[in-house]
Every structure is written in structure tokens, then in C-alpha cells.
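In what follows, a structure is listed as C-alpha cells, so that the remarks can point back to it.
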Amino acid sequence: MSAAKHYSAKSATFLRFSLIGPANKKQDQVAQGIMIILASVAAMALADAMVKLVSSNLTVWQVFAARSFFAVPCLVALGYFRKVQFGAILNQWVLLRSALLVLTWLAFYASLPVLKLSVAAVAVYTNPILTALLSALVLGERVSMRQWFGVLVGFAGVAAILRPGTDAFNLMIVLPLIGAAFYSSAMVLTRAKCQDDDAVNLALGLHGSFIVTGLVATASLAILSLDPISVAAYPFLLGSWTPMGWSDWGLMAFLGLLSAAFFLGVAKAYQIAPPQVIGTYDYAYLVSAAIWGFVFFAERPDGLTLLGMALITVAGLLVAERKPEPVTIRETS
């Protein structure tokens, strides 16, 4: 090997080490990770349908704070039972992951009053494609021609749903696409920097961030006193805290339990199995979202939307291609 090539290889190794740290010695638990993500996304779809259901009465900031108000005690109790060291919640990577996921759900929830649940779900579920690409970029996995083809298929699916340049185009669909980018970043970060953090701490950090975000945003809107026209145009985002009855608090308690379960499950699944694999099974959310969209809102996706869903799903399967681990052969003199 020439000196230049040797130096280049050492530099690449150093860069990889600085991004993701030393190789993690934990063995992947793929089957368990798949089962966990399937259960998690089923719970997530039901919770998102309920958020859409209350979006005409409550604000997104109320949902953030009230839901997590019930989720946090459940997670603290679980952490106490498992003897979790809660100090890790203040880890910089846990806080960054939480911030990315808060932005994910803010972008996604902001679109729900306008978009069909199934359409918003398809848009945000471009994230497995982005997750695979970010895994290749950050975690150093090679992107094959098949995977690049999957990216192109995924973009075709997005175009079928967006329909830019036609009357069917709705600018609000950009919000769940932005959410997908934040979600993918958070999942790759989970794998790269938070793999050794307890899933309870990851979920607690997220719900704590939801509470802080919800309360700070509510207080800020009260201080700003926006004009009624702006508030009326986007009440879910800009409205003031609405008085909540027992039924509202009961629903928030149920959402808190659901969200504690699925955020805990998502964190665990991405910790114990490769993000490309888990990202593929994440697509089960689309089926659940379509079912709940029909049950709660009588939503029926049109032909182009169904085509887009199919293309994005195929794209995710193409992008999620796994390579066999290279076999190291010891050289003999």
C-alpha cells in the first residue's frame, strides 16, 4: 500500500471514529427490534388519529404539555423499578435527539388539521429512505445502485402525492416532509450516539422537552397577543390555551400512556437493531394510519395517493438492502 493510500485510509478511519465513536460491541437483536417497532407504530398511528380528532378544540402546545404530563410519571416509575440512572437525560446527545423529535412532531401535527391522516402519514414516512441515506453518510455504509434507485422511486412516490403544479397540490404537505428529515436525523443519532443510553432516559428526555416546549410556546403566545385574524387562520398553532374538561384530560392521560409506550419502543428498537432494517418495518404505520383515518374521519385515499404510498413503500424496501458483514482474512507471511 502506498503512503498516500495508507494516510487516506487512516484519515477516513479517524473521521468515522470521531462521528460515531468506537465500534459498539453489542450484538444486534433484529427480531426483537422488529417486533418492538411494529407494536410501537401501531400505537403511534392511533395516538396521531386522536390528535387530529382534537385539533379543532385544543392547541398543539396543549397536546404536547398535557400528554407528556401523564407520560412522565409512567416513565419515572418504570425507570425507578429498573434502577435507571436518570442523570443521563441531561446528556448533550439525548437533548439533541429530543429537540429533533419535538421538531418532527411539531411539523407533523401542524399539518393534521388540513391534510388527511393517510396523506400526512405517507409524507412523513419518506423518513426510512432518508434514514438509510443518513446511515450511509454518518455510519459509513456504502450506498449501492439498488439503493440509489430506491431513492429515485421514493421521490417519484412523493411527486405522485404532492402533484406540484396542479390544483391538488397543498403546500401544507411540505410540513410532514420536513418532519421526516428531522425524524431520520434523530433515529441515526440514536444509533450513533445514544445506543448505550437507557430507552427510559431517551423517552423521558423527549417528554420533558414536550412539556417545556408546550408551556414556553403557550406563555409566549399569551405575551405576544397575536391579532385574531392570524389566530383564526391557524388556531391549532397560534391559539391560546383552551379550558379542558374531564373528557379532554382523560384523553390526554390515554395519549400519555400511548406515547410513553411508543416513544420508549421506538428508542429501544433503533438501539438494538440496524436503523435501515427498523426503518423498513416502520412502514406498518401507513397501514394503521389508513385504517384509523377511515374509522375516525371516513378518509378514502385516491388513486394517485395509493400509487404514491406503494412507490414509497417499494423505495424503502430497496433502500433498506443490507450487506453481508465482510470476512476478515488474516494474511500469512
(request) May I ask you to test the Leu257-Phe70 pair for a side-chain heavy-atom distance under 4.5 Å? (result) no
(message) Would Arg300 and Phe294 count as a cation-pi pair here, with the cationic atom under 6.0 angstrom from the ring centre and within 45° of the axis?
(response) no
(message) Please determine whether a side-chain nitrogen of the Lys or Arg among Asp197 and Arg97 lies less than 4.0 Å from a carboxylate oxygen of the Asp or Glu.
(response) no
(request) Would you kindly check if the NZ (Lys) or CZ (Arg) of Lys52 is within the cone defined by 45 degrees around the ring axis of Phe297 and under 6.0 Å from the six-membered ring centre? (result) yes
(request) Please say which of Val102, Thr218, Leu215, Ile211 ends up in a side chain to side chain contact (heavy atoms under 4.5 Å, CB included) with Phe64. (result) Val102
(request) Count the heavy atoms belonging to other residues, nucleotides or ligands that lie under 6.0 Å from CG of Leu224, then report whether that count exceeds 12. (result) yes
(message) Does any part of the side chain of Gln92, heavy atoms only, come nearer than 4.5 Å to the side chain of Leu95, both counted from C-beta?
(response) no
(request) Report yes if the side chains of Leu90 and Val94 come closer than 4.5 Å at any heavy-atom pair, otherwise no. (result) no
(message) Once you measure the plane-to-plane angle for Trp105 and Phe262, does it fall in the parallel (<30°), tilted (30-60°) or perpendicular (>60°) bin?
(response) parallel
(message) Measuring from atom OG of Ser98 to atom NE2 of His207, what distance do you get when rounded to the nearest 0.5 angstrom?
(response) 10.0 Å
(request) Under the side chain to side chain contact (heavy atoms under 4.5 Å, CB included) rule, what do Asp48 and Tyr285 come out as? Steps first, then yes or no, please. (result) CA-CA 11 Å; Asp48 291 344; Tyr285 174 90; 2.6 Å; yes
(message) Would you say that Phe108 contacts Leu175 through its side chain, given a criterion of any heavy-atom pair below 4.5 Å between the two side chains?
(response) no
(request) Determine whether Val200 and Leu264 make a side-chain contact, defined as any pair of heavy atoms from C-beta on separated by less than 4.5 Å. (result) yes
(request) Taking the side chain as every heavy atom from C-beta outward, state whether Val63 and Phe210 have any pair of such atoms under 4.5 Å apart. (result) no
(message) Side chains of Leu238 and Leu221, heavy atoms from C-beta outward: is any pair under 4.5 Å?
(response) yes
(message) With heavy-atom distances below 4.5 Å as the criterion, would you say the side chains of Met187 and Val266 are in contact?
(response) yes
(message) Can you confirm whether more than 12 heavy atoms, excluding those of Tyr80, are under 6.0 Å from its OH atom?
(response) no
(request) Kindly indicate, with the supporting measurements, whether the criterion side chain to side chain contact (heavy atoms under 4.5 Å, CB included) is fulfilled by Val124 and Tyr183. (result) CA-CA 9 Å; Val124 82; Tyr183 185 84; 5.6 Å; no
